[in-house]
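First the structure, in the form of structure tokens, and then the observations on it.
Residue numbers begin at 1 in each chain, while the letters A, B, ... track the order of the sequences.
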Amino acid sequence: YVYSRPPPWSDTLPTIFVITPTYTRPVQKAELTRLANTFLHVQNLHWVVVEDSPRRTNLVSNLLEKAGLNFTHLNVETPKSLKLGLSWIPSHTPRGTLQRNLGLHWLRNSFSNSAPPEGVVYFADDDNTYSLELFEEMRYTRRVSVWPVAFVGGLRYESPKVSPEGKVVGWKTVFDPNRPFAIDMAGFAISIKLILEKPQASFKLEGVKGGYQETSLLKDLVTMDGLEPKAANCTKVLVWHTRTERPTLVNEGKRGFTDPRVEV
Amino acid sequence: NEELWVQSVLEMPKRRDILAIVLIVLPWTLLITVWHQSTIAPLLAVHKDDGGDSRRDLAAGLDSKEYCLSDRDIVEVVRTEYVYTRPPPWSDTLPTIHVITPTYSRPVQKAELTRLANTLLHVPNLHWILVEDSQRRTPLITRLLRDTGLNYTHLNVETPRNYKLRGDTRDPRIPRGTMQRNLALRWLRETFNKNSSQPGIVYFADDDNTYSLELFEEMRSTRKVSVWPVAFVGGLRYESPKVNAAGKVYGWKTVFDPHRPFAIDMAGFAVNLRLILARSQAYFKLRGVKGGYQESSLLRELVTLSDLEPKAANCTKILVWHTRTEKPVLVNEGKKGFTDPNVEI
């Protein structure tokens with residue numbers, strides 16, 4: 001069978017480390033499949049897939065092996081609230097936080113601050129849609145680069161506000177535009193160097209207001225005037241925050257109709 | 001006279017020398033010129049790229065990045081192209097897969113077609129027939145198709161609106177995409193000669209489903225009509241043809257109406273182009289088609305159950321998922337719109 005190979009690795013291109021948290025549900029394999037199909041076009045991409053699970057699953061392991069991409073497969077389970085309600089992770093821990101932090105942790109363990117590799121970190125959720133152009137835009141990020149994202153904040157897109165001098169001066173959003181970083185997870189990339197320079201910078205786990213998760217990381221890394229606007233000074237949309245419907249499985253009934261050994 | 005004679009004698013060797021020098025030097029000059037163009041350029045030492053450096057050359061679609069190493073190192077000039085990677089080289093031996101995708105304008109359209117194109121770009125000998133449900137071919141699609149680098153045909157036909165209902169709804173009695181798929185079938189029949197031996201496979205791929213690369217290789221060997229399981233249809237994890245020990249399809253593993261002649265989803269079969277051309281009157285029925293019978297309306301004119309070729313390991317593997325994308329929430333656009341309508345999404 002044909003398994004596509006990514007473009008040959010280049011010794012001079014900066015590496016794009018894509019951190020994708022993922023969790024088991026019916027559409028997981030489909031999402032990761034079409035995501036892989038996109039990543040397979042991107043040179044020097046290293047996919048860090050972090051499962052929200054107690055163990056790395058066969059489904060994801062096999063998919064990563066077959067895809068042909070450069071990858072690292074991690075896992076960490078988000079603890080569920082105890083039945084008594086004595087949760088130590090409050091219910092408003094946004095999904096994927098522990099997994100993204102583990103991805104950052106792996107990077108910091110794998111690379112030394114004294115000889116940082118050329119590259120960027122990008123957080124790519126498994127249900128979004130990414131154009132190939134996006135990855136070339138982020139590849140040469142010096143500190144933190146930003147760009148518009150479609151279908152977030154109840155808008156066609158949210159975007160950084162860029163001054164004529166090419167500096168980010170604010171945020172074109174309706175929802176809470178005064179957040180320090182009113183930007184979606186898919187709207188920025190961070191240079192590896194910066195990640196390694198600031199080993200304490202992580203996504204905050206607890207007490208994060210809705211829409212502030214990105215801020216909880218970025219505030220320890222950069223200030224607004226240090227941001228690098230991409231995508232033609234933030235006038236082009238190169239990434240879409242798509243969401244996949246949950247499939248109707250009513251006809252499976254109580255005992256299940258389809259063969260559970262057939263992987264979906 | 002003597003002086004003149006001496007002068008001319010002295011001149012003659014000079015001319016010969018010059019001729020000799022020219023004949024020796026000229027080939028080397030030519031050689032060096034050629035070398036210079038191909039080899040020397042990448043070996044030029046260049047300055048380090050500095051983000052906002054105005055010397056950076058930003059030609060349309062091209063961005064060159066340059067790195068500075070010591071004078072003695074060979075420096076590679078790296079160019080990154082923004083446009084999609086080209087598809088794999090065309091092969092003379094592989095049958096062409098004609099993928100027919102109906103599409104219509106809505107917020108997620110560009111996203112759907114982008115990620116679909118990203119998948120199709122891996123498949124050799126693929127011809128994408130994109131049919132818009134519109135009065136005119138839109139600039140969005142025109143640009144998108146051109147930028148992918150895929151082999152494509154861009155068609156359009158508008159499904160008539162039902163004027164009795166609120167102006168925007170299409171005729172609900174015509175299943176979505178039908179006229180578009182039929183137009184593509186007609187285009188194939190008008191473009192390809194029934195007697196020519198150009199091998200091809202026809203596959204109907206909706207723009208919101210998810211396709212594995214393996215699927216396209218499975219369908220490439222279709223002789224008449226091949227079939228395989230599809231995930232997330234019929235209210236099940238997947239629907240599948242029933243295949244007996246002899247490798248023949250004898251029924252359908254579905255809960256919803258398993259007695260349909262072809263209880264299979266649009267994404268679950270492919271047809272050999274020869275058959276499409278031979279049965280030139282076979283189309284999807286436009287009206288009066290019960291829910292779930294659209295596929296049957298075409299297939300019953302092409303093939304019988306026993307002729308079906310099961311793929312995907314005798315229909316035990318899932319290689320295609322009938323995913324659906326949520327409608328994005330755009331409440332904050334308000335009445336007058338918040339975002340710039342000139343920015344394409």
Side-chain angles (χ1 to χ4, degrees), chain A residues 1-4 7 10-13 26-27 29-31 33-34 37-38 40-41 129-133 136-137 139-140 142 148 150-151 153-159 166 172-175 228 235-237 240-245 247-253 256-260 262-264, chain B residues 49 51-52 63 65 67 76 78 80-85 107-108 110-112 114-115 118-119 121-122 124 210-214 216-217 229 231-232 234-238 240 253-256 316-318 321-326 328-334 337-341 343-345:
Chain A
Y1 288 129
V2 177
Y3 301 112
S4 231
S10 152
D11 284 329
T12 47
L13 276 186
V27 295
K29 191 178 184 187
E31 302 283 47
T33 296
R34 56 184 170 184
N37 288 347
T38 289
L40 278 164
H41 290 294
T129 303
Y130 309 91
S131 68
L132 299 184
E133 201 177 326
E136 300 319 313
E137 286 290 295
R139 203 185 283 278
Y140 296 95
R142 282 180 357 264
F151 311 139
L155 294 170
R156 287 169 72 247
Y157 63 89
E158 278 183 346
S159 167
K172 273 193 270 190
T173 77
V174 168
F175 169 66
E228 301 147 52
T235 58
K236 287 165 74 168
V237 173
W240 300 259
H241 194 281
T242 42
R243 287 170 52 93
T244 304
E245 279 184 20
T248 328
L249 303 178
V250 273
N251 285 339
E252 289 289 344
F257 177 83
T258 54
D259 183 347
V262 172
E263 187 181 82
V264 146
Chain B
D49 177 68
D63 188 6
K65 296 289 172 184
Y67 295 85
E76 197 181 299
V78 177
T80 38
E81 284 200 313
Y82 284 153
V83 281
Y84 287 92
T85 325
V108 296
K110 190 179 184 188
E112 302 282 48
T114 297
R115 59 183 168 185
N118 288 347
T119 289
L121 276 164
H122 291 290
T210 303
Y211 309 90
S212 68
L213 300 182
E214 204 176 322
F216 297 100
E217 299 320 311
F232 312 139
L236 294 169
R237 287 168 73 246
Y238 62 88
S240 168
K253 268 191 275 192
T254 77
V255 167
F256 170 66
T316 58
K317 288 165 72 167
I318 306 295
W321 300 260
H322 194 282
T323 42
R324 288 167 53 93
T325 304
E326 281 184 18
V329 170
L330 303 179
V331 274
N332 284 339
E333 290 290 343
F338 178 82
T339 54
D340 182 350
V343 172
E344 187 182 85
I345 52 164

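- Neither the backbone nor the side chain of F216(B) comes within less than 4.5 Å of any heavy atom in chain A.
- Interface summary for chain B: among T235(A), T129(A), T33(A), the most heavy-atom pairs under 4.5 angstrom belong to T129(A).
- Considering only heavy-atom pairs separated by less than 4.5 Å from chain B, the leading option among R156(A), E158(A), E263(A) is R156(A).
- Note that CH2 of W321(B) is 13.0 Å distant from OG1 of T244(A), once rounded to the nearest 0.5 Å.
- With respect to chain A, the highest number of heavy-atom pairs below 4.5 Å among D340(B), V331(B), T325(B), I345(B) belongs to I345(B).
- In this structure, the side chains of T242(A) and R115(B) come closer than 4.5 Å at one or more pairs of heavy atoms.
- In this view, K172(A) satisfies the salt bridge (charged side-chain N to carboxylate O under 4.0 Å, His left out) rule with no residue, not counting sequence neighbours.
- Ranked by non-hydrogen atom pairs under 4.5 Å with chain B, the options L155(A), L40(A), V27(A), T38(A) are led by L155(A).
- In terms of heavy-atom pairs under 4.5 Å with chain B, the best-connected choice from A150(A), P148(A), P26(A) is P26(A).
- Qualifying salt bridge (charged side-chain N to carboxylate O under 4.0 Å, His left out) partners for E245(A), counting only residues two or more places apart in sequence or in other chains: R324(B).
- For the pair V108(B) and F151(A), the minimum side-chain heavy-atom distance is below 4.5 Å.
- Contacts of T339(B) with chain A are made by both backbone and side-chain atoms, with heavy-atom separations under 4.5 Å.
- By number of non-hydrogen pairs under 4.5 angstrom with chain A, the leading residue of V329(B), T119(B), V255(B) is V255(B).
- Top candidate by heavy-atom pairs under 4.5 Å with chain A, chosen from I318(B), T316(B), N332(B), is N332(B).
- Judged by distance alone, the side chain of N251(A) and the main-chain N or O of G234(B) form a donor-acceptor pair under 3.5 Å.
- Of the listed residues (L249(A), V250(A), D11(A)), the one with the most heavy-atom contacts under 4.5 Å to chain B is L249(A).
- Interface remark: of the candidates G253(A), P260(A), S159(A), G166(A), P260(A) forms the most heavy-atom pairs closer than 4.5 Å to chain B.
- In terms of modelled atom types and a separation under 3.5 Å, the side chain of N118(B) and the main chain of Y130(A) share a donor-acceptor contact.
- Remark: E344(B) CD to Y157(A) OH distance equals 11.5 Å, nearest 0.5 Å.
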